[in-house]
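Worth saying up front: this structure is predicted, and the values here are computed from it rather than measured.
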Amino acid sequence: MCQMLCGNDSNHDGEPTQEGSSRREFLAKGASALGAAMVSSAPIPALAASAQGDLSPESDARNQDMPRDTGASHRRYLLKGGAVLSMDPQVGNFARGDVLIEGKRIVAVGANLHAPGAAIIDAAGMIVMPGFVDTHHHQYQTALRSFLSDGLLFNDGLPHGEKNYLDYIHTRLTPVFRPEDAYLAELVSSLSQLDAGVTTVVDTSQVGHTPAHTDAVIRGLQDAGRRAVFVYSPGAGPGNIFPNDLQRIRSRYFSSTDQLLTLAMGGEVFDPAFRTYWAIGRQNGLPIVTHLVGSLGQETLVEQLASEGLLGPDLVFIHASRISEGSWQAIAQSGVNVSIAAPIEMTMRHGMPPIQSALDHGVQPALSTDVECTMTADFFTQMRTVFTLQRALINERAVNGETNLPELLTCRDVIRFATLEGARVARLAHKIGSLTPGKEADILLLRSDALNVAPLNNVPGAVVTLMDRSNVDTVIVAGRIRKWRGALVDMNWTRLRAALEASRDYLLRAAGVERMLF
């Protein structure tokens, strides 16, 4: 877990300790105030108990029954008596089922499992399911949360476009980020999504201004103790050496395939050199991630790329809004992956989220959160938006007299987008996405006996139409408990919040941007 928060240099992830300076030394370079605010020498239990404030007898008691050393090799524990939604047809679902975990893997799923010697976690009153997978998130922007709540993507010359992402976030604020700002944002964003049950992220943080910035992003992802795909991306300014730093970061941070952190290649199609970046990614066997927005002049670009033979299943197109019919046909034929960020696309004028276009062409999308400067990054919002949007579109066609209609999405469909399809798009389906014996244990326990859900009548329906992040009771990543009985483990939020506020103040001041509180 995070050395800064736990006050030691051990690595609980199973990854080798990185070369170079310690976290304290790293933050001290130009960030002594932030470092002092975040570094803690308190022991792990005290930090866990103080996740929501000061240590209290009630919070201490709540953690007494948490199994220790979860995720360690040969450590066994049993999630017992929950409503198990496995997302694996071969495993099935159980009204009252058990999940046995050993080390970081799922050993068995079933009813009344016999597990002598295993610690027992009572899952009664819970839904037990795979963790959510966010396939596109600019985590470095965490200090700018809600800053652009009313903004659009770009100034298109139409009404409302003056306050927009490209002018404010991309052009004015992003260039002033220091490595310590990027590190802190990555850490807080990762912990926040863990708290909401999002166990995996594809991080598209385009803030690689210097190698130190790139290192900061990677270290923030590592220290959060969460599964992540780091999309190697360029930044701004004279220190940007993208893509020439690829081999260094690959050998330093990604030498093992048995770790929580994996690597992907950024190659934005708005960059004239994107074909070169794609080629470099493919030479290194990396998946390639790029935004695709038709209203930015990319409506027929995919057709051109198909004619050049550049499409394939190693590509992920983010948004894919307002693109041509020929583009969708090419995506379907080539096996290109699509990540939809429906709330952002709807509010920022990307165009209608292409959920139905994807489904009409047999493309199963993943879901993503995009930017917290405009919208929340929890997955209950993502699932509910896609569910209601697709049904609204089809229902409107029905009441207008159409009879030959596509199927309506079900709650289980959108959970599949948020888990199995997300794992596939992140190229992690062999490890996560379902409660399948042999896969790694990325698991959620969601409270179905809570005031906003009980009585439980339909498991997928409760998750999609009733729940929010307050229902996330326990979160497990690779067998290790990261949230327990409603509180994150190993976190001192008071210190992190103060550091994040200081980072925000610096960013706004350096960019000459006013904070509009009301």
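Heavy atoms from other residues, nucleotides or ligands lying under 6.0 Å from CD of Glu407 number 12 at most. Heavy-atom contacts from other residues, nucleotides or ligands closer than 6.0 Å to NE2 of His170 number 12 or fewer.
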Test log, rule side chain to side chain contact (heavy atoms under 4.5 Å, CB included), inputs Val293 and Phe154: CA-CA 11 Å; Val293 181; Phe154 67 102; 5.5 Å; no
From CA spacing to verdict: side chain to side chain contact (heavy atoms under 4.5 Å, CB included), Thr419, Phe379: CA-CA 10 Å; Thr419 56; Phe379 250 52; over 6 Å; no
Candidate pair Val207 and Asp181, rule side chain to side chain contact (heavy atoms under 4.5 Å, CB included), full reasoning: CA-CA 10 Å; Val207 69; Asp181 300 309; over 6 Å; no
Test side chain to side chain contact (heavy atoms under 4.5 Å, CB included) applied to Thr199 and Leu444, step by step: CA-CA 9 Å; Thr199 52; Leu444 308 182; 4.1 Å; yes
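A donor and an acceptor atom, one from each side chain of Gln356 and Gln390, are located under 3.5 Å apart. No side-chain donor from either of Asp203 and Tyr140 sits under 3.5 Å from a side-chain acceptor of the other. For the residue pair Thr214 and Arg248, no side-chain donor N or O sits within less than 3.5 Å of a side-chain acceptor on the partner. A donor and an acceptor atom, one from each side chain of His350 and Ser321, are nowhere located under 3.5 Å apart. Asp223 and Tyr183 share a donor-acceptor pair across their side chains, judged by distance under 3.5 Å alone. For the residue pair Asp413 and Thr410, a side-chain donor N or O sits within less than 3.5 Å of a side-chain acceptor on the partner. For the 3.5 Å distance criterion, the side chains of Gln139 and Ser190 qualify, holding a donor opposite an acceptor.
Within the 3.5 Å criterion, the main-chain N or O of Pro130 finds no donor-acceptor partner in the side chain of Asp442. Judged by distance alone, with hydrogens and angles left aside, the side-chain atoms of Trp278 form a donor-acceptor pair with the main-chain N or O of Gly267 at under 3.5 Å. Glu186 contributes no side-chain N or O that, together with a main-chain N or O of Ala182, makes up a donor-acceptor pair within less than 3.5 Å.
Applying the side chain to side chain contact (heavy atoms under 4.5 Å, CB included) test to Ala306 and every residue at least two apart in sequence or in another chain returns Leu311, Ala330. Arg424 pairs by the side chain to side chain contact (heavy atoms under 4.5 Å, CB included) definition with Asn337, Gln364, Glu421, Ala429, not counting sequence neighbours. With sequence neighbours left out, the ring-ring contact (aromatic ring centres under 6.0 Å, His included) criterion links Tyr277 to Phe242. Scored by the side chain to side chain contact (heavy atoms under 4.5 Å, CB included) test, Asp378 finds Ala196, Thr376, Phe380, Thr381, Arg469 as partners (sequence neighbours excluded). Scored by the side chain to side chain contact (heavy atoms under 4.5 Å, CB included) test, Leu405 finds Ile394, Arg397, Ala398, Glu402 as partners (sequence neighbours excluded).
Annotation: the span from Ile127 atom CD1 to Ile415 atom CD1 amounts to 8.0 Å, rounded to 0.5 Å.
With Ile443 as reference, Ile106 is the one residue of Val475, Thr474, Val84, Ile106 to meet the side chain to side chain contact (heavy atoms under 4.5 Å, CB included) rule. Shown are Leu292, Thr290, Val289; of these, the side chain to side chain contact (heavy atoms under 4.5 Å, CB included) with Ile318 is made only by Val289.
The pair Asp88-Lys439 does not meet the salt-bridge criterion, since no charged nitrogen lies less than 4.0 angstrom from a carboxylate oxygen. Ion pair Asp134/Arg226 not flagged as a salt bridge, since none of the NZ, NE, NH1 or NH2 atoms sits closer than 4.0 Å to an Asp/Glu carboxylate oxygen.
Pairs engaging residues 326-341 under the salt bridge (charged side-chain N to carboxylate O under 4.0 Å, His left out) rule: none recorded [sequence neighbours left out].
Using a 4.5 Å heavy-atom cutoff, the side chains of Val109 and Phe94 are in contact.
For the pair Arg172 and Tyr168, the cation-pi test (distance below 6.0 Å, angle within 45°) is passed.
Under the 30°/60° scheme for interplanar angles, the aromatic rings of Phe230 and Tyr232 are found to be tilted.
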